[in-house]
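Note sheet for the following structure.
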Amino acid sequence: MSRESVAEVGGLRRGRFLYFPVVPGRMEFAVEVRRMLLREQPQAVAIEIPFSLSMFFRRAVGRLPEMSVLLYPENPWAENPDQEEEERMIYLPVEPADPFVEAARTAEEIGA
């Protein structure tokens, strides 16, 4: 399969939209996302991350190659946020080998 056809696998192009499914934390997908974005030069890139983290995510991407970790509560809408029980946190690493991070970094690079 040629590199040009990787974006067409599985009917990922729908009209003017190109969907590129990835596996988080896998460098192989990060490499392919970058290649596809550089080849296609889209005007906009959408990345699946919690909206409330978007500003922090962009700041962390700007710090690359330094790694960052974003922390947020597992249940931010808990009825009793002041309870003594330890709140469980979700860790979101922002590292160069992640396809979401690479999509954001490359989108910034190409002005998307």
Side-chain angles (χ1 to χ4, degrees):
M1 179 181 313
S2 71
R3 295 231 185 266
E4 290 70 35
S5 64
V6 74
E8 301 299 329
V9 173
L12 298 173
R13 193 177 290 277
R14 296 286 187 257
R16 63 187 184 121
F17 295 103
L18 174 62
Y19 299 91
F20 200 91
V22 298
V23 176
R26 296 296 304 256
M27 184 182 302
E28 299 88 347
F29 285 90
V31 169
E32 290 302 320
V33 163
R34 178 166 174 78
R35 286 180 180 151
M36 184 270 301
L37 290 173
L38 291 174
R39 183 182 64 248
E40 296 287 328
Q41 296 285 312
Q43 293 178 345
V45 175
I47 301 167
E48 183 183 9
I49 60 168
F51 178 75
S52 60
L53 298 180
S54 62
M55 179 180 69
F56 304 107
F57 183 79
R58 292 183 81 168
R59 187 180 311 156
V61 168
R63 293 184 65 235
L64 289 170
E66 297 291 324
M67 289 179 48
S68 301
V69 176
L70 303 180
L71 300 167
Y72 61 99
E74 183 177 53
N75 185 4
W77 298 280
E79 290 182 24
N80 190 2
D82 295 327
Q83 63 192 17
E84 292 182 19
E85 184 179 320
E86 185 175 326
E87 188 172 0
R88 292 175 47 161
M89 301 296 285
I90 295 178
Y91 295 79
L92 177 63
V94 180
E95 57 188 345
D98 184 79
F100 294 103
V101 173
E102 186 57 39
R105 192 186 73 73
T106 304
E108 184 73 28
E109 181 181 318
I110 63 174

Glu108/Arg105 ion pair, N-O < 4.0 Å: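 A salt bridge is absent here (no side-chain N lies under 4.0 Å from a carboxylate O).
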
Glu109 with Arg34: basic N within carboxylate O range, under 4.0 Å: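 Salt bridge present between Glu109 and Arg34.
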
So [Y] and [X], do their side chains get closer than 4.5 Å, heavy atoms only?
{"X": "Pro96", "Y": "Met67", "answer": "yes"}
{"X": "Ile110", "Y": "Pro42", "answer": "yes"}
{"X": "Val94", "Y": "Arg63", "answer": "no"}
{"X": "Pro73", "Y": "Met89", "answer": "yes"}

Closest heavy-atom pair and its distance - [X], [Y]:
{"X": "Phe57", "Y": "Phe100", "answer": "CZ-O, 4.0 Å"}
{"X": "Ala97", "Y": "Ala30", "answer": "O-CB, 3.6 Å"}
{"X": "Leu18", "Y": "Met36", "answer": "CD2-SD, 3.3 Å"}

Assigning hydrophobic clusters by single linkage (Ile, Leu, Val, Met, Phe, Trp, Tyr; side-chain heavy-atom cutoff under 4.5 Å), is [X] placed with [Y]?
{"X": "Ile49", "Y": "Val23", "result": "yes"}
{"X": "Leu70", "Y": "Met55", "result": "yes"}
{"X": "Ile90", "Y": "Leu53", "result": "yes"}
{"X": "Tyr72", "Y": "Phe56", "result": "yes"}

side-chain contact (heavy atoms from CB on, under 4.5 Å) evaluation trace for Phe29 with Asp98: CA-CA 8 Å; Phe29 285 90; Asp98 184 79; over 6 Å; no

Gln41 CD: over 12 foreign heavy atoms closer than 6.0 Å: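 Atom CD in Gln41 is packed in, count exceeds 12.
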
Leu38/Thr106 under side-chain contact (heavy atoms from CB on, under 4.5 Å): CA gap, chis, key distance, verdict: CA-CA 8 Å; Leu38 291 174; Thr106 304; 4.1 Å; yes

Gap between atom CD of Glu32 and atom CZ of Arg39 - 0.5 Å precision: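 Between atom CZ of Arg39 and atom CD of Glu32 there are 8.5 Å.
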
